[in-house]
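Worksheet: the structure to be examined is printed underneath.
Since we're looking at a predicted model, the values are computed, not measured.
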Amino acid sequence: MTPQGATVYILESEHPHGQRYVGFTRLPIHVRLARHNAGDVPSTSRHRPWRLITAIWLPDPKRALALERYLKTGSGRAFAKRHL
């Protein structure tokens with residue numbers, strides 16, 4: 001487990017349409033990615049396989065959750081597309 005903090009991550013589907021997914025986890029990112037690719041996450045199972053685009057670890061889980069929520073908004077998606 002990641003000590004005290006949490007990770008916000010962006011995945012991209014390897015399918016031609018390039019679907020993106022923004023998530024939050026307290027698990028090590030490689031474990032979380034493996035779960036997505038194994039089909040254990042219902043919201044991402046249809047677009048497998050996934051590759052990791054960005055992972056941002058923050059020491060404060062509340063701030064990480066706030067970042068995840070922001071990245072799921074229209075302006076957050078635009079920011080991520082330009083900068084992450």
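Minimum heavy-atom separation, Arg26 to Pro61: NH2-CB, 3.1 Å. Of all heavy-atom pairs spanning Thr7 and Ala55, the tightest one is CG2-CB, 4.0 Å. Across all non-hydrogen atoms, the minimal contact from Phe24 to Ala6 is CE1-CB, 3.4 Å. Contact record, Ile10 with Ala80: CD1-CB, 3.9 Å, taken as the closest heavy-atom pair. Here the shortest heavy-atom pairing between Arg32 and Thr25 reads CD-OG1, 3.8 Å. Summarising the geometry of His15 relative to His47, their closest heavy-atom pair is CD2-O, 3.3 Å, with the distance given to 0.1 Å.
Under the 4.5 Å side-chain heavy-atom criterion for ILVMFWY residues, no single connected hydrophobic cluster contains both Val8 and Leu52. Under the 4.5 Å side-chain contact rule for hydrophobic residues, Leu65 and Leu27 do not share a cluster. Put simply, Phe79 and Ile53 are part of the same group of oily side chains (I, L, V, M, F, W, Y) that touch within less than 4.5 Å, one to the next.
Summarising the local packing, CZ of Arg48 is surrounded by more than 12 heavy atoms from other residues, nucleotides or ligands at distances under 6.0 Å. Counting non-hydrogen atoms of other residues, nucleotides and ligands closer than 6.0 Å to CZ of Arg46 gives a total of 12 or fewer. Crowding of His83 atom NE2: a count of heavy atoms from other residues, nucleotides or ligands under 6.0 Å exceeding 12.
For the atom pair CZ of Arg77 and OH of Tyr70, the computed distance is 11.0 Å after rounding to the nearest 0.5 Å. Summarising the geometry, atom CZ belonging to Arg20 is positioned 11.5 Å from atom OG belonging to Ser13; distances are rounded to the nearest 0.5 Å. In this structure, Leu67 CG and Ile56 CD1 are separated by 5.5 Å, a value rounded to the nearest 0.5 Å.
Proximity of a side-chain donor or acceptor of Arg69 to a complementary backbone N or O of Ala66 within less than 3.5 Å is not detected.
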For residues 33-41, please give each side-chain donor-acceptor pair under 3.5 Å, one per line with the distance, not counting sequence neighbours.
{"from": "His36", "atom 1": "ND1", "to": "Thr44", "atom 2": "OG1", "distance (Å)": "2.8"}
{"from": "His36", "atom 1": "NE2", "to": "Tyr9", "atom 2": "OH", "distance (Å)": "2.8"}
{"from": "Asn37", "atom 1": "OD1", "to": "Trp50", "atom 2": "N", "distance (Å)": "2.5"}
{"from": "Asn37", "atom 1": "ND2", "to": "Trp50", "atom 2": "O", "distance (Å)": "3.2"}

